[in-house]
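These notes concern the structure reproduced below.
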Amino acid sequence: MNDTTAPTASTVWPCVNHRDALAGIRFAVDVLGFVESAVYTADDDDTVVVHSQLTWPEGGGVMIGSADRRDSAFSQMPTGCASVYVVPDA
């Protein structure tokens with residue numbers, strides 16, 4: 001069987017560590033066509049993104065966060081590193 005149709009309930013979300021997460025979000029929305037679903041910034045610095053969700057109109061999306069945050073081990077990874085969040089069927 002060679003069915004390439006993905007189930008609509010399952011999605012894969014890349015999580016990207018970005019030096020300038022706000023610029024990365026703007027690029028993803030303005031140039032690539034993602035839709036900004038949520039952007040949460042640090043309480044003491046609104047230029048630091050602790051979590052964002054950008055949805056892709058056909059399903060799935062990407063999460064972008066600021067690099068070098070003390071509260072996140074992932075953000076300490078070199079920029080360009082990514083992880084993947086897999087949402088299986090319930």
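The chain is numbered in sequence order, starting from 1. Every value quoted in this text rests on a predicted model; they were computed, and no experiment measured them.
When all heavy atoms of Arg69 and Val49 are compared, the closest pair comes out as NH1-O, 3.5 Å. Between Gly24 and His18, the shortest heavy-atom distance links the atoms CA-NE2, 3.6 Å. Asp46 and Leu22 get closest at one heavy-atom pair: O-CD1, 3.8 Å. Closest approach of Ile64 to Ser52, counting heavy atoms only: O-OG, 2.6 Å. Here the closest non-hydrogen pair linking Pro14 and Gly61 is CD-O, 3.1 Å. In plain terms, the two heavy atoms of Val39 and Ile25 that are nearest each other are CG2-CD1, 4.0 Å.
Residue Trp56 is not grouped with residue Val84 when hydrophobic side chains (ILVMFWY) are merged at heavy-atom distances under 4.5 angstrom, including chains of intermediate members. No continuous path of hydrophobic side-chain contacts links Met63 to Leu32 [ILVMFWY only; heavy atoms under 4.5 Å]. At a threshold of 4.5 Å between side-chain heavy atoms, the hydrophobic network of Ile, Leu, Val, Met, Phe, Trp and Tyr places Tyr40 and Val48 in two separate groups. Transitive grouping of hydrophobic side chains (ILVMFWY, heavy atoms separated by less than 4.5 Å) brings Val29 and Val62 into a common cluster.
Counting heavy atoms from C-beta outward, Thr55 and Trp13 have side chains that approach closer than 4.5 Å.
In Asp71, the CG atom is crowded: over 12 heavy atoms of neighbouring residues, nucleotides or ligands sit closer than 6.0 Å.
If you take OG on Ser66 and CG on Asn17, they are separated by 8.5 Å, rounding to the nearest 0.5 Å.
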